[in-house]
Every structure is written in C-alpha cells, then in structure tokens.
Trainee: 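Input: one structure, supplied below.
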Amino acid sequence: MSLSIRDGKLDVLVAAAPRLENWPSIGVRTLSVMCAEFGLSVGQFGGDHLKVRGVIPLPKTGGIGVIEDTQSRIHRISARSIIRVVPPEFSPNPFPGWQTSGILPIPTAEILLENSRISWEPSIALFGTGNRALRLGSQLLERGTQEVFCIETSSQWNAKRYSGWEVERRRFEIAGGKLIEAKPVELLRVSPLIWQLRLQDSQGIRILEVARVISAGPMQDDPGVKEYPPGAGLYELTQTARPTYAEDAEGWSLEEQRGRWLATKIIRSLTHDIHTQREELDQTFRTAKVGLKYHSRHQFEPFLPTYEGKWLSSGDTKKIKEFSGVPKEAHLSRKIASVECFEDIPCRICEKICPTSAIQVHPTARSKNSVLDEEKCTACGLCVQACPSGSIPMIQEAPDRSTSSLTLAWRGVKPWKVGEFATLLNRRGESLGTARIQSLPSSDSPAIQLVQLEVPTHLLWDARGIRRGRSQSAEDQNFLAAFAKADAPTDKVEILLNGEKRLVRDKTPISIALFEVGQNRPEDALLCSDGSCGLCTILVDSSKKLACQTKTHLGISIKTLPASPQISSSTCLLCSCLEISEEKVVDRVRQGKLRSPEAVLSMTQIGEGKCHGQLCMGSLKRILTEQGLPASSWIDWRFPWTDWILPHN
C-alpha cells in the first residue's frame, strides 16, 4: 500500500494548531487579506476539513506544512513563511494535583457551564484574574454558585495587582466574588464531589473546599506573536478572539492588531517591489503598534478607586463625575446613560449598538476624549443591556428630593418584580442599604432584565449593583432550584459504563456525560470541539473512539482506558505521559548547564508523549524561563503535533 501525497507551493501558509475555538479567526482573516493585497499567495489550513499534522522547518527560511484532508490525502505545502495559530496557554505552574480530574482549563469550563448539568456547588476557584476569568466567575455567581474565588498567582501586573479590567473586577465583586493573592500548594480529592485546594498566601496556608478548580490565566505576559528561529519566517500567533466581538472585545481587537502587525512584517520580508505602497504599509505598521500598546495601558494607568468605609473617596467621586462618559447636566432633568468604564480599554460594544451615535469611544484614548453626547442619548437602554461588564447604568438625579432613579442590568436567575426591595451594593459588592423596584423597562435580551430602582439620592453615585436580601425562611433557593432541575423529567437512557449500569442524557457527547456522572478523567480535560487533541480515547462497543466526538445512546457500552500511572502526591509531576517531574527537568538544566530549550528536550524527551506537549509545554516554558533559558520567545516545531496514524490507499 502507498500514501497519496500531493505537493503545493505558497508564499504564506497559515496553519491551525490543535484545539482552536474558531477558524479562521479575525487575526487570521486580517493577516491573510493584507498579504493577498500585496500580491502574496496565501493559504489557510485548519477547521473540520483540513487538519494540519505539523510543520517541518527548512534549513534557512520557510518550511513545509503537512496537511491531511477529509479523504485522508496528504498535502505537502512548501511556503516561504509559515504562521502557526495556537490557543492561549491556560496551564498553571506545576504543583501536586495540578493534572488531576479536579482542574479544568477555562474553555472546557465554559462548555460545561452552557451544555451540561454538572454541579458548581459549593464553590469554585479560578487561577488567574484576566477578563475571561473574571467574566466566568461573574456568570457562575449570577447563576447561583455560592462562592467563587479568583486567585492571582503573579500578584503584580505593572501598576495593578490583577491583570483584568477594573470594570470586569467590579462586576465580579458586585456579584459576590473574591480576589485572592496566593500560590497553589496542593489539590486533593476529599469526596466524590469535593476537592481541597491548599494555598500559600501572605498569612500562611489557606484551605478552600471547591467543586473544581478552573485554570484561566493569564499566568504571565504573552507577546502573542513569536518568530523562531529568528529570521526564519516561522511564526506563532496566539488566538485570543472568540467567535464574535461581543463575546470578548479585548481578545478580538488584540488578535486583530497582532494579525495586522505580523502581516506588515511578513510583507516587508517577502515583497521587495512595494515602493508605491511603502507609505501605506508603514502607516499600518505604526497604527498596529500603537493599538497593541493601548491594550496594556489599563495596567500602566489603572483606575484604582479608594474608599472611606463603604463610600468612594471624595477625590474619586470627583474623578468619576468629571469623566467624559458621565452626564453633566441632562441627568438632572431626565433619565440618561452613564458610561462608567474609566480605564483606556479596547471595548466599543456600546458605541456599535447605540442607534443614535450618542456614544463615541476614541480607539486609543477614551479617558482624554468625549465619550457621551448627552443631547443624542434617548435612554433606550440598549447599551445597558449590551455592556458585558455591566458598567453602564441609567441615572436621573433629583437633588431636591430624597430619592432618585437608577436603572441597572440584572443577569441573575430569578427575575425581579415591581415593588420588591433589593439590597444596594457599592462597586466592590458591599451593602449600602435598600431600594424599591420602581419599574422593569423592556429588554431585548432574554438573559438580561432591566431594573429601575428608586434609590436614596445620596447613594446614586455609589450604588452600582443589587442583590436579594436574605430570606427569613429556612429554604435554600439555590439548592431547591438545582434539585428541581436534576429531578425534572429528562431524556435519559441506560448505558453500560465500565461494566456498571448508568443513566445519562441521550445523544450527549460522552465526555460531557462522564463529567455529569462524576467519572471524568484527566484525559477529558481539554474537551476540544473537533477531537484534535486526540487524548480522550475510550472503548465504545469494543471499538476505539474519541469521547468528545461520540454521543451516548440506549445500550451503549463504554470502557475508559487505563489512565497513565500515578506517582506520589508529594512529587510535582510535569509530564504525566512520560512521568517526568519538575525536579528532574530543573536538575537536568543545572547539572548539564543547558542553555537552550532544544537541549532540554533532547535530554528529557518531555513533550514526546501522547499529548505531544499540549498539557505541559506552557508550564515547561515558564520553568525554563525561571532558570534563565530563552524560552519565552521559543517555538516547539517538533513533528507531528498530535498522535497520527498514517493513512493508506
């Protein structure tokens, strides 16, 4: 038997690494269009129909991409420049228990939150304080999880001690979330549904009992674009964009600017006759560079409000009222939006949705330019609903009266009713008093309720959140809701799991079913939508299948394959596939006086196991960087990227 191989040639090849959330993303599209406009031939390879098996670097510049199509034909595409698009790195620094089934990367947690019926009680811990972590924490709290902790392990992000935006932290703390600065020490299972997370903070050892731990990041600054070896035309671009701009404005605009910057670099290196377009290309490069700096400006020029007890300090209250997104006069006579994101952040969702163009966000300096046009604002409430951080209320102040009007977006499970009383919260989630629900303006989103409150006038500028007061009854509403959901009639079917009968939801991916019955394995942690990681292999009716790509049905027989051998919990295992500990890697680096990541890989073979580095390579790079090796700009080009059985005709 022989392989079917087809050869091709391109100027620029854009290759999708395993586990991308969407393809092609905005950065890929931006880069490809720009290169094509300058006469370069560009190919995008990825998605459901074309799987990139790896890249083979050529001696000087460029490389060969190896692609498999749906008919199992192999394509060898040589290119002068290759860009590998990779998912963000979510793995934490290794600690005992970090590769158990109790810890999940945030993409998996987001899928489970939307598509499964697993329990998130009594509490959840997230590693990282980026916007994605804070946003997921807010969603968990708004859906009824009792406690959520965001744990910052780095503790210093330029002028901040957390990495996300102030508006996302504000939403998280208003919902009841807590930020902790600590380093994980150990994760132990104490019962089938509870894990014990031990943390080391400034006071000593702190113990949290959680349903699971979510690794969200960022764990360190990521340049997002790398070239390795230098001058080889081989790049790596981190995919930060979600499928739509509204899901993550930061990640979308960041990847778009990186794609634009990288395209100018590639065009300059591959195209020499661009005299007539040189000025245009240089301007694009400068604009992209300014845009990339803008993304981190909130860390260098943060809004860090100070409080006098529960009240904003007079100085910060003055700054808030002077901000150009806050109304100056109109709110004294009518209801009007108040755009209260005070940091320079790359989010323009409210501007895009405003039907009267009353909101204009400057692309690189919102704090120094006018944001709100009071005359154009009609108080339609669309921006209040659209703002993902909940940082836009509508206000109407009555200085001569005891009460004023405040309209907020409510994302909780239980809707409010007119006449109910709510507890008012300040910007960090502390109780200020109570207010009555005055009306419920119409909302275009079924997940968001607009709530207009009658608040004490002296609390109008401090109150920015609400919650329900404590019930006098002994009923636990969250427990009753979860119990009712679990007890409700469902389309469950009986299956055989490792020889035991189980009831699971019908036509559900087996990976999700394993999570729902508490039988998930570390191999199920990635839960990629296309099965590209190749780790979650199981036996389905005696045939090997991927759990994430196979659905349950009546009578199906499932056997989970034996997991990798476990070592003592006191040992910090870095690579579970090959049983390589962090201590072994560090010892090899020091004893062998190794000076490059390639030398470390040659000595340890780390990343050559079943996962091909998908579970451990991010952590390895951080460890090597701590040892003084130049790993932050290094790219692992080893072939193939996942386990691959060569097809035959």
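Along the sequence shown, residues are numbered consecutively beginning with 1. Everything numeric here is computed off the predicted structure, so don't read it as measured data.
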Trainee: Would R170 count as a cation-pi partner of W165, with NZ or CZ less than 6.0 Å from the six-membered ring centre and within 45° of the ring normal?
Mentor: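 Pair R170/W165 does not count as cation-pi.
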Trainee: Do the side chain of H612 and the main chain of D643 share a donor and acceptor less than 3.5 angstrom apart?
Mentor: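 Yes; at least one donor-acceptor contact below 3.5 Å.
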Trainee: Quick one: does any side-chain atom of R189 pair with a main-chain N or O of G102 as donor and acceptor, under 3.5 Å?
Mentor: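 No.
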Trainee: Regarding E430 and N426, do their side chains bring together a donor and an acceptor under 3.5 Å, going by distance alone?
Mentor: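 Short answer, yes.
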Trainee: If the threshold is 4.0 Å, N to carboxylate O, is there a salt bridge linking K160 and E301?
Mentor: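 No, no charged N to carboxylate O under 4.0 Å.
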Trainee: When you compare the side chain of T642 with that of R19, does any pair of heavy atoms fall below 4.5 Å?
Mentor: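 A side-chain contact is absent here, since even the closest heavy-atom pair is not under 4.5 Å.
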Trainee: Hey, are Q99 and S576 close enough side-chain-wise for a donor-acceptor pair under 3.5 Å?
Mentor: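 There is such a pair (donor and acceptor under 3.5 Å, judged by atom type) between the side chains of S576 and Q99.
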Trainee: Is a donor from one side chain sitting under 3.5 angstrom from an acceptor on the other, for N131 and E250?
Mentor: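 A pair is found: one side chain offers a donor N or O, the other an acceptor, under 3.5 Å apart.
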Trainee: With a 4.0 Å cut-off, would you call K584 and E579 a salt bridge?
Mentor: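 No, no charged N to carboxylate O under 4.0 Å.
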Trainee: About how many Å separate CD1 of I345 and NE2 of H298, when rounded to the nearest 0.5 Å?
Mentor: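 Spacing of NE2 (H298) from CD1 (I345) equals 8.0 Å.
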Trainee: Any donor-acceptor pair under 3.5 Å linking the side chain of S619 with the backbone of N93?
Mentor: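 Not a single qualifying donor-acceptor pair exists.
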Trainee: Is there a donor-acceptor pair closer than 3.5 Å between any side-chain N or O of Y228 and the backbone N or O of E236?
Mentor: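 Checking the backbone N and O of E236 against the side chain of Y228, no donor-acceptor pair under 3.5 Å is found.
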Trainee: Answer yes or no: is there a donor N or O on one side and an acceptor on the other, between the side chain of S81 and the main chain of G233, under 3.5 Å?
Mentor: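 Side chain of S81 to backbone of G233: a pair is present.
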Trainee: For E142 and R171: C-alpha separation, side-chain torsions, deciding distance, then whether salt bridge (charged side-chain N to carboxylate O under 4.0 Å, His left out) applies.
Mentor: CA-CA 10 Å; E142 289 160 355; R171 177 188 172 190; 2.8 Å; yes
Trainee: Report yes or no: does S215 contribute a side-chain atom to a donor-acceptor pair with the main-chain N or O of P105 at less than 3.5 Å?
Mentor: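 No; judged by distance alone, with no hydrogens or angles, the pair does not exist.
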Trainee: Are a donor atom and an acceptor atom from the side chains of E152 and T129 found within less than 3.5 Å of each other?
Mentor: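 Result is yes, a qualifying pair exists.
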Trainee: I'd like to know if the side chain of S138 reaches the main chain of L134, judged simply by a donor and an acceptor atom lying under 3.5 Å from each other, with no hydrogens or angles considered.
Mentor: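 Confirmed, S138 side chain pairs with L134 backbone.
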Trainee: Is any side-chain heavy atom of I83 closer than 4.5 Å to one of I266?
Mentor: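 I266 reaches I83 side chain to side chain.
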Trainee: Under 4.0 Å between a side-chain nitrogen and a carboxylate oxygen: does that hold for E343 and R297?
Mentor: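 Judged by the 4.0 Å cut-off on N to carboxylate O distance, E343 and R297 do not form a salt bridge.
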Trainee: Is it the case that the side chains of E181 and S202 hold a donor-acceptor pair, with the cut-off being a distance below 3.5 Å and no angle test?
Mentor: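 No, because no side-chain N or O of S202 sits under 3.5 Å from a partner of the opposite role on E181.
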Trainee: Between Y162 and L179 (side chain of the first, backbone of the second, donor and acceptor by atom type, cut-off under 3.5 Å), is there such a pair?
Mentor: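 Answer holds: no.
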Trainee: Just do the side-chain contact (heavy atoms from CB on, under 4.5 Å) check on M617 and L620 with the steps written out, would you?
Mentor: CA-CA 5 Å; M617 197 53 59; L620 173 67; 3.6 Å; yes
Trainee: Kindly compute the distance separating CG (L140) from OG1 (T145), expressed to the nearest 0.5 Å.
Mentor: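 Those atoms lie 4.5 Å apart.
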Trainee: Classify the side-chain pair E256/S253 by whether it contains a donor and acceptor separated by less than 3.5 Å.
Mentor: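 No.
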Trainee: Would you say the side-chain atoms of T625 and Q627 include a donor-acceptor pair closer than 3.5 Å?
Mentor: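 Result is no, nothing qualifies.
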Trainee: Which residues pass the side-chain contact (heavy atoms from CB on, under 4.5 Å) test with Q549, not counting sequence neighbours?
Mentor: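 Counting only residues at least two positions away or on another chain, Q549 forms a side-chain contact (heavy atoms from CB on, under 4.5 Å) with L546.
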Trainee: How far does CG of D248 sit from OG1 of T244, to the nearest 0.5 angstrom?
Mentor: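 The OG1 atom of T244 is 9.0 Å from CG of D248, to the nearest 0.5 Å.
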Trainee: Measure the spacing between NZ of K293 and CZ of F300 and express it to the nearest 0.5 Å.
Mentor: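 With rounding to 0.5 Å, NZ (K293) is 10.0 Å from CZ (F300).
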Trainee: Please enumerate all residues that pass side-chain contact (heavy atoms from CB on, under 4.5 Å) together with A288, with sequence neighbours excluded.
Mentor: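 Scan of A288 (side-chain contact (heavy atoms from CB on, under 4.5 Å), adjacent residues dropped) gives Q257, R260, W261.
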Trainee: For R117, is there any backbone N or O sitting under 3.5 Å from a side-chain donor or acceptor partner on E516?
Mentor: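 Yes, because the side chain of E516 sits within donor-acceptor range (under 3.5 Å) of the backbone of R117.
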Trainee: Working note: V86 + W641, criterion side-chain contact (heavy atoms from CB on, under 4.5 Å); need CA distance, chi angles, decisive distance, verdict.
Mentor: CA-CA 11 Å; V86 299; W641 293 347; over 6 Å; no
Trainee: Before accepting this row, confirm whether a basic side-chain N of the pair K178/E173 lies closer than 4.0 Å to the acidic partner's carboxylate O.
Mentor: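 So K178 does not pair with E173 through a salt bridge.
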Trainee: Just wondering, do L199 and I151 contact through their side chains at under 4.5 Å, heavy atoms?
Mentor: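 Side-chain contact under 4.5 Å: yes.
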Trainee: Do L104 and I106 come close enough that some side-chain heavy atom pair is under 4.5 Å?
Mentor: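 No. Closest side-chain heavy atoms not under 4.5 Å.
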Trainee: Is there a side chain to side chain donor-acceptor pair (under 3.5 Å) between S91 and E89? Walk through the geometry before answering.
Mentor: CA-CA 6 Å; S91 59; E89 182 53 57; 2.4 Å; yes
Trainee: Evaluate the criterion salt bridge (charged side-chain N to carboxylate O under 4.0 Å, His left out) for residue pair E608 and R638; output intermediate values, then yes/no.
Mentor: CA-CA 9 Å; E608 296 181 8; R638 285 178 297 177; 3.6 Å; yes
Trainee: Applying the side-chain contact (heavy atoms from CB on, under 4.5 Å) criterion to D524, which one of S511, C548, P509 satisfies it?
Mentor: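 The side-chain contact (heavy atoms from CB on, under 4.5 Å) with D524 is passed solely by S511 among S511, C548, P509.
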Trainee: Quick one: pull up CZ in F172 and CZ in R428 and give me the separation to the nearest 0.5 Å.
Mentor: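 If we round to the nearest 0.5 Å, F172:CZ and R428:CZ are 15.5 Å apart.
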Trainee: Measure from NZ or CZ of R143 to the centre of the six-membered ring of W120, then state whether that distance is under 6.0 Å and the direction lies within 45° of the axis.
Mentor: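 No.
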Trainee: Show, in sequence, the C-alpha distance, side-chain angles and deciding distance for E209 and S123, and conclude whether the side chain to side chain donor-acceptor pair (under 3.5 Å) test is met.
Mentor: CA-CA 7 Å; E209 290 195 345; S123 61; over 6 Å; no
Trainee: Decide yes or no for M219 and P92: does some side-chain heavy atom of the first lie under 4.5 Å from some side-chain heavy atom of the second?
Mentor: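 Yes. Closest side-chain heavy atoms under 4.5 Å.
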Trainee: Quick one about Q44 and S32 (side-chain donor to acceptor, distance below 3.5 Å, no hydrogens or angles considered), yes or no?
Mentor: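 Judged by distance alone, the side chains do pair up.
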Trainee: Can you check whether T537 reaches K610 side chain to side chain, under 4.5 Å on heavy atoms?
Mentor: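 Side chain of T537 against side chain of K610, heavy atoms only: contact under 4.5 Å found.
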Trainee: For E168 and S389, does a side-chain donor sit closer than 3.5 Å to a side-chain acceptor?
Mentor: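 Looking only at side-chain atoms, S389 and E168 do form a donor-acceptor pair, the distance falling under 3.5 Å.
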Trainee: Quick one: does T108's side chain have a donor or acceptor within less than 3.5 Å of a partner on A525's backbone?
Mentor: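 Between the backbone of A525 and the side chain of T108 there is a qualifying donor-acceptor contact (under 3.5 Å).
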Trainee: Please report the interatomic distance CD(E166) to SG(C341), rounded to the nearest 0.5 Å.
Mentor: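 Spacing of CD (E166) from SG (C341) equals 9.0 Å.
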Trainee: For residues R622 and Q220, is any side-chain donor paired with an opposing acceptor at under 3.5 Å?
Mentor: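 No - no donor-acceptor pair under 3.5 Å links their side chains.
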